[in-house]
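All values derive from a computational prediction rather than experimental measurement.
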Amino acid sequence: MVTPAQITLPPLLWEQAVRTALLEDLGNGGDLTSQAVVPPDCQVTAAFTAREDGVVCGLPAAALTFRLLEDPALGPVTFEACVREGAPVHKGCVLATVRGPAQTVLAGERTALNVLTHLSGIATATAKLVREVEGAGPGGRTPAVCATRKTLPGLKALQKYAVRLGGGGSHRYRLDDAILIKDNHLALAGGVEKALQAAGDFARTSHLTKIELEVDDLDQLSEALSFAARQQLEGARYRGADVFLLDNMDPQTLREAVALIARFAPHALAEASGGITATNVRAVAATGVDVISLGALTHSVRALDIGLDINPENGGH
């Protein structure tokens, strides 16, 4: 099993997101309020404190925020993580401390908290769902919980990282990761068989590229399975979809779909998506699907409540 310590994000990806956030927030003049009312020689120690239980994610972003803002004229800033990235934390736990010029700490406070609370919220929500589906499948199997491409512009790498840190996985990162044939593609291609035939043409892509077909009902699934069976009988090297995305199906329909896939396309994975929440995810897992994908993990997750408590070291003077 992969541990949080083995899940990392290249520094360049952190810097791109944090630098963009700081540029947006600082504008042309920087933190005017702090520059106006806080003496430049004022030093502070501040603690990032969890105000509720959760999974912490984004400490590298918080550390980078203050490193990028460090001003030699004001003095150095030190950031120290008190817990490891990806650790479960409880209300009142100090996650990290930052010490340095008050003007620098205040200028970076909101950016650091924005990233830290958002990513910790994603990791926390993912971890909750992963616990909910553990052992819920037939025979005690546990399906994978994955995030979709419904991510915020510019934050995809960070949001997907937070999902992985919470114990989840990824459906697709980008459009070129795999071929995913959805309802609009089927309408434009002329149906299931024509779309699968075109997608199976290796001249269009690589033999390593997976093909996934979204189906809305059992009729579409049966059509796709019949196509794959004919391909095999004819000796074709392509055997149809590698993954079936079972969209917005109730648990009973999901069970029937999983049974059909297991019987006629045992090589393929069954993935459930659409309308899945924390309240019904265990019932979905019990149907036997291999993967459960949710857009809500990234596009509408609630931020974890984390505060930055600042204490002046010299009385504010």
For residues [X] and [Y], determine if any side-chain heavy atom of one lies less than 4.5 Å from a side-chain heavy atom of the other.
{"X": "Q35", "Y": "L32", "value": "yes"}
{"X": "T78", "Y": "V98", "value": "no"}
{"X": "F227", "Y": "V192", "value": "no"}
{"X": "T65", "Y": "V115", "value": "no"}
{"X": "V83", "Y": "C93", "value": "yes"}

Check: [Y] main-chain N/O paired with [X] side-chain donor or acceptor under 3.5 Å:
{"X": "Q159", "Y": "L152", "answer": "yes"}
{"X": "T97", "Y": "A47", "answer": "no"}
{"X": "E223", "Y": "G191", "answer": "no"}
{"X": "K194", "Y": "L188", "answer": "no"}
{"X": "E70", "Y": "P76", "answer": "no"}
{"X": "E212", "Y": "A241", "answer": "no"}
{"X": "D242", "Y": "I211", "answer": "yes"}
{"X": "S120", "Y": "C57", "answer": "yes"}

Could D309 and R51 be called an ion pair, given the rule that one side-chain N must be under 4.0 Å from one carboxylate O?
-> yes
Say whether [X] and [Y] are linked into one hydrophobic cluster, either directly or through other cluster members, by side-chain heavy-atom distances under 4.5 angstrom.
{"X": "V133", "Y": "V291", "result": "no"}
{"X": "I7", "Y": "L9", "result": "yes"}
{"X": "L196", "Y": "L246", "result": "yes"}
{"X": "L158", "Y": "L165", "result": "yes"}
{"X": "L260", "Y": "L269", "result": "no"}

Mind listing the closest non-hydrogen atom pair of [X] and [Y] along with its distance?
{"X": "L308", "Y": "E109", "value": "CD2-CG, 3.5 Å"}
{"X": "I292", "Y": "P143", "value": "CD1-CG, 3.9 Å"}
{"X": "I310", "Y": "A46", "value": "CG1-CB, 3.6 Å"}
{"X": "A96", "Y": "L59", "value": "CB-CD2, 4.2 Å"}
{"X": "A178", "Y": "T209", "value": "CA-CG2, 3.9 Å"}
{"X": "A102", "Y": "V38", "value": "CB-CG1, 3.7 Å"}

Nearest 0.5 angstrom please: [X] [atom1] to [Y] [atom2], how far?
{"X": "F264", "Y": "S222", "atom1": "CZ", "atom2": "OG", "answer": "8.0 Å"}
{"X": "D216", "Y": "L221", "atom1": "CG", "atom2": "CG", "answer": "11.0 Å"}
{"X": "T49", "Y": "L95", "atom1": "OG1", "atom2": "CG", "answer": "6.5 Å"}
{"X": "Q103", "Y": "D71", "atom1": "CD", "atom2": "CG", "answer": "8.5 Å"}
{"X": "R99", "Y": "E80", "atom1": "CZ", "atom2": "CD", "answer": "12.0 Å"}
{"X": "L297", "Y": "K160", "atom1": "CG", "atom2": "NZ", "answer": "9.5 Å"}

Should D53 and K128 be marked as a salt bridge (charged side-chain N to carboxylate O under 4.0 Å, His left out) after you check the CA-CA gap, both sets of side-chain angles, and the distance that decides it?
-> CA-CA 11 Å; D53 296 351; K128 180 180 179 180; over 6 Å; no
Could you pull out all residues at least two apart from V130 that satisfy side chain to side chain contact (heavy atoms under 4.5 Å, CB included)?
->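 Result, side chain to side chain contact (heavy atoms under 4.5 Å, CB included) vs V130: T126, V145.
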Atom CD of Q16 with >12 non-hydrogen neighbours under 6.0 angstrom = no
Restricting to pairs with a member in residues 143-152, which pass side chain to side chain donor-acceptor pair (under 3.5 Å), not counting sequence neighbours?
-> none
Any side chain to side chain donor-acceptor pair (under 3.5 Å) involving residues 288-307? Give me the pairs, sequence neighbours left out, ordered by first then second residue.
->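 For residues 288-307, and leaving out neighbouring residues, the side chain to side chain donor-acceptor pair (under 3.5 Å) pairs sorted by first residue read E52-R302, R141-D290, E271-S293.
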Apply side-chain contact (heavy atoms from CB on, under 4.5 Å) to the pair L119 and L155, showing each step before the final yes or no.
-> CA-CA 10 Å; L119 296 186; L155 292 180; over 6 Å; no
Contacts of Y161 that satisfy ring-ring contact (aromatic ring centres under 6.0 Å, His included) - sequence neighbours left out =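 Y161: ring-ring contact (aromatic ring centres under 6.0 Å, His included) contacts with W14.
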Which hydrophobic side chains are connected to L180, either touching it within the sub-4.5 Å cutoff or through other members that do?
->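 The other cluster members (ILVMFWY side chains, heavy atoms under 4.5 Å, direct or chained) are L245.
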Which side-chain N or O atoms in residues 276-287 pair as donor and acceptor under 3.5 Å with protein atoms at least two apart or in another chain?
{"from": "T277", "atom 1": "OG1", "to": "T279", "atom 2": "N", "distance (Å)": "3.3"}
{"from": "T277", "atom 1": "OG1", "to": "T279", "atom 2": "OG1", "distance (Å)": "2.7"}
{"from": "N280", "atom 1": "OD1", "to": "T277", "atom 2": "N", "distance (Å)": "2.8"}
{"from": "N280", "atom 1": "ND2", "to": "G275", "atom 2": "O", "distance (Å)": "3.0"}
{"from": "R282", "atom 1": "NH1", "to": "E132", "atom 2": "O", "distance (Å)": "2.5"}
{"from": "R282", "atom 1": "NH1", "to": "E134", "atom 2": "O", "distance (Å)": "3.4"}
{"from": "T287", "atom 1": "OG1", "to": "V284", "atom 2": "O", "distance (Å)": "2.6"}

Worked check of side-chain contact (heavy atoms from CB on, under 4.5 Å) between F79 and L64 = CA-CA 9 Å; F79 181 94; L64 181 59; over 6 Å; no
Worked check of side-chain contact (heavy atoms from CB on, under 4.5 Å) between T45 and V105 = CA-CA 9 Å; T45 297; V105 173; over 6 Å; no
Give the intermediate values and the outcome of side-chain contact (heavy atoms from CB on, under 4.5 Å) for residues L23 and R19.
-> CA-CA 6 Å; L23 289 172; R19 189 179 292 275; 4.3 Å; yes
